[in-house]
Amino acid sequence: MKKTFALFLVFACLFLTACNQNPPVGPGTSGGTDATGESVSSDKPAGSDQPQDPAGSVPKDMIVCHVPNGYIDLPSRVMFEMGVASGKIYNVYYSKADGETYPYCFDPLCDHSGGKCLAYPSSWELGSFYPDTTCFINDRFYLSSNSLGKIVSFHFDGTDMKIEYDAGYQRGDIPNGPWTPNIEVYGSYIYLDQREAASEDGKKHLLRFNTETKEMEDLTEKTGNYIWPSFFYNGEMYGQDTVWNCMKASPDLTVCETAEEFRFSPFFYGSKFMYPVQDEKYNTLGIGCYDVETGEEKMLSNEALGIPEGGVATMIAMDENYIYYVNNQKLLVGYTLHPKTGAKISVYKYNDGKIFRANHDGTGAACIYDDPDMTYNDSQAIVFDGKNIIIHGNSYCAVEGETEGLVKQCDAGYYVGTFREDGTIGEWKLIQAVY
């Protein structure tokens with residue numbers, strides 16, 4: 001599934017060591033008026049009430065890491081990507097004000113055709129509105145048009161679009177473009193990975209664009225150092241060099257040194273990353289926790305997390321208080337018929353319909369939702385405002401009039417649920433976009 005600006009659906013980021021994977025940064029806030037008439041011009045980025053460091057808008061002692069997880073959580077809405085019956089995929093947003101979901105477009109006369117609006121930006125000339133290449137800084141979205149060497153910005157509602165930086169390339173000048181697609185952001189800076197073909201010395205360079213002064217710096221040319229950032233923590237950049245050595249550096253790359261091996265994943269909070277722990281045969285033993293501050297690692301076993309024998313605890317979300325996970329287990333649901341031969345084909349689901357929650361240290365593990373007919377299709381959900389959760393899934397139901405165990409997929413899509421006072425999830429509501 002393609003990742004589109006405000007709505008991504010990425011699940012594949014399975015938590016590897018930082019020396020093997022590159023996660024990028026999270027957007028923050030928005031402005032304008034949405035379909036509900038709600039003004040969001042005063043929204044602040046998440047974490048803006050935390051102590052700041054000199055880089056600006058960067059919480060102290062908090063991991064800064066942009067991992068596309070299928071969602072962008074803004075103060076007034078949650079944006080994600082949703083397919084419709086026609087087969088098209090739209091950028092939509094769930095409004096926290098009224099609980100409804102709308103196309104990410106603010107023109108009532110727009111037909112949402114390709115390239116004309118944020119809801120269906122499939123053919124923009126300047127680049128694609130995808131999470132890997134998009135960030136939010138000082139009330140503006142920024143995207144990297146890596147194939148053209150341009151940085152484009154615009155307001156929350158798509159207005160006031162402008163080219164902030166142009167390296168002067170034409171399409172095709174550099175195979176695959178002068179920059180790799182992913183970007184990282186720290187404070188008001190956008191970090192870009194320049195390909196070897198775009199550098200005079202034929203080597204990879206780390207570039208840094210200042211969104212306030214509009215200046216582009218070649219940090220590698222200035223310092224002789226190169227790493228690709230994976231995340232930032234407490235004023236330091238963590239990443240890999242060209243041969244995947246783990247490195248640690250200052251944000252301006254003037255200080256760059258080898259670091260102890262570290263881990264990161266799509267699931268993090270404070271100074272902790274959560275990731276799957278596997279044995280030498282790739283059996284998943286549980287969920288690991290790596291603390292950037294102390295360098296300590298520990299494992300929360302499947303058994304300790306309340307997972308039955310034969311199952312695997314698989315993370316779906318993390319917030320300031322809890323980790324959320326499902327029991328990953330192959331289960332036979334029923335059968336379907338081959339369209340030509342009529343032969344029975346087994347239908348499986350890969351989790352048992354339960355959602356679990358535990359404290360960051362693994363204590364207090366409990367099942368907070370249980371529906372044996374449900375299955376969850378992505379490796380990531382989003383928990384927002386401490387009281388709601390959105391996840392992609394579907395249920396299975398028997399084929400009407402059949403008694404031979406024939407089943408079909410029912411109600412596939414995004415679901416939103418609300419936490420009760422005891423921490424359990426109420427009934428799922430299947431999200432339907434209001435067009």
Side-chain angles (χ1 to χ4, degrees), residues 18 22-28 45 52-59 63-66 126-127 132-154 162-170 173-174 176-243 245-259:
N22 297 332
V25 213
Q52 308 294 305
D53 74 4
S57 301
V58 181
I63 294 167
V64 179
C65 181
H66 173 212
L126 292 176
D132 305 55
T133 58
T134 305
C135 58
F136 196 89
I137 304 172
N138 295 332
D139 297 325
R140 292 182 70 86
F141 280 108
Y142 288 80
L143 67 86
S144 162
S145 178
N146 60 289
S147 62
L148 296 173
K150 291 180 172 63
I151 294 176
V152 182
S153 80
F154 45 87
K162 62 179 70 173
I163 297 175
E164 299 280 358
Y165 177 81
D166 186 349
Y169 293 99
Q170 300 296 318
D173 284 354
I174 304 292
N176 300 316
W179 307 331
T180 59
N182 291 352
I183 62 175
E184 292 294 336
V185 173
Y186 186 69
S188 58
Y189 294 103
I190 298 174
Y191 289 79
L192 302 120
D193 184 40
Q194 182 167 278
R195 300 183 194 274
E196 296 92 330
S199 301
E200 291 185 2
D201 60 3
K203 298 179 180 179
K204 294 176 73 67
H205 283 223
L206 179 63
L207 310 182
R208 185 173 74 167
F209 178 70
N210 188 326
T211 58
E212 295 179 350
T213 66
K214 315 304 180 186
E215 295 176 339
M216 180 72 80
E217 299 175 272
D218 187 332
L219 298 183
T220 298
E221 184 177 60
K222 284 185 174 182
T223 67
N225 298 320
Y226 169 84
I227 70 171
W228 174 241
S230 299
F231 63 93
F232 293 81
Y233 177 73
N234 206 18
E236 293 183 300
M237 179 196 312
Y238 292 77
Q240 307 88 38
D241 62 14
T242 56
V243 291
N245 291 318
C246 291
M247 307 294 292
K248 183 169 67 173
S250 58
D252 62 2
L253 211 54
T254 54
V255 177
C256 186
E257 59 188 15
T258 302

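Computed from a predicted model, the values in this text were never measured in an experiment. No hydrogens, no waters, no symmetry mates; every other heavy atom, side chains included, goes into these values.
A heavy-atom distance below 4.5 Å is found between the side chains of Thr258 and Met247. Residues Glu221 and Ser199 have side chains not in contact (no heavy-atom distance under 4.5 Å, counting atoms from C-beta outward). With a 4.5 Å cut-off on side-chain heavy atoms, Met237 and Glu184 do not count as touching. The closest side-chain heavy-atom distance from Lys162 to Arg140 is below 4.5 Å. The closest side-chain heavy-atom distance from Val185 to Phe136 is not below 4.5 Å.
Interatomic distance, Ile63 CD1 to Ser230 OG, rounded to the nearest 0.5 Å: 11.5 Å. Within the model, atoms CD1 of Ile227 and OH of Tyr238 stand 10.5 Å from one another, a figure rounded to the nearest 0.5 Å. Asp166 CG to Met216 CE: the interatomic distance, rounded to the nearest 0.5 Å, is 10.0 Å. Once rounded to the nearest 0.5 Å, the distance linking CG of Leu148 with CH2 of Trp179 reads 9.5 Å. Interatomic distance, Tyr186 OH to Phe231 CZ, rounded to the nearest 0.5 Å: 12.0 Å. Atom OG1 of Thr213 and atom OH of Tyr189 lie 7.0 Å apart (nearest 0.5 Å).
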side-chain contact (heavy atoms from CB on, under 4.5 Å) between Cys135 and Ile190, worked out: CA-CA 9 Å; Cys135 58; Ile190 298 174; 3.9 Å; yes

Residue pair Asn225, Leu219: steps toward the side-chain contact (heavy atoms from CB on, under 4.5 Å) verdict: CA-CA 7 Å; Asn225 298 320; Leu219 298 183; over 6 Å; no

Worked verdict on Thr220 versus Asp201 for side-chain contact (heavy atoms from CB on, under 4.5 Å): CA-CA 11 Å; Thr220 298; Asp201 60 3; 5.6 Å; no

Test log, rule side-chain contact (heavy atoms from CB on, under 4.5 Å), inputs Glu164 and Tyr142: CA-CA 9 Å; Glu164 299 280 358; Tyr142 288 80; 3.8 Å; yes

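Contact between Ser144 and Ile183 at its shortest, heavy atoms only, is CB-CG2, 3.7 Å. The nearest pair of heavy atoms linking Cys256 to Ala249 is CA-CB, 4.0 Å. Between Tyr169 and Gly149, the shortest heavy-atom distance links the atoms CD1-CA, 4.4 Å. Closest of all the heavy-atom pairs between Gly235 and Pro251 is O-CD, 3.3 Å.
When only modelled atom types and interatomic distance are considered, Asp252 and Ser250 share a side-chain donor-acceptor pair under 3.5 Å.
With respect to Lys204, the side-chain hydrogen bond (donor to acceptor under 3.5 Å, both in side chains) criterion is satisfied by exactly one of Asp193, Thr180, Thr242: Asp193. With respect to Leu192, the side chain to side chain contact (heavy atoms under 4.5 Å, CB included) criterion is satisfied by exactly one of Ile151, Asn182, Asn146, Leu206: Ile151.
Side chain of Arg195 to backbone of Asn176: a donor-acceptor contact under 3.5 angstrom is found. Thr211 places a side-chain N or O within 3.5 Å of a backbone atom of Ser188 that can act as its donor or acceptor partner.
By the salt bridge (charged side-chain N to carboxylate O under 4.0 Å, His left out) test, Lys222 is found to be paired with Glu217, residues two or more places apart in sequence or in another chain being considered. Under the rule for a side-chain hydrogen bond (donor to acceptor under 3.5 Å, both in side chains), Lys248 has no partner lying at least two apart in sequence or in another chain.
The neighbour count for Glu257 CD, taken as heavy atoms of other residues, nucleotides or ligands under 6.0 Å away, is above 12.
Here Phe232 and Tyr191 bring their ring centres to under 6.0 angstrom of each other.
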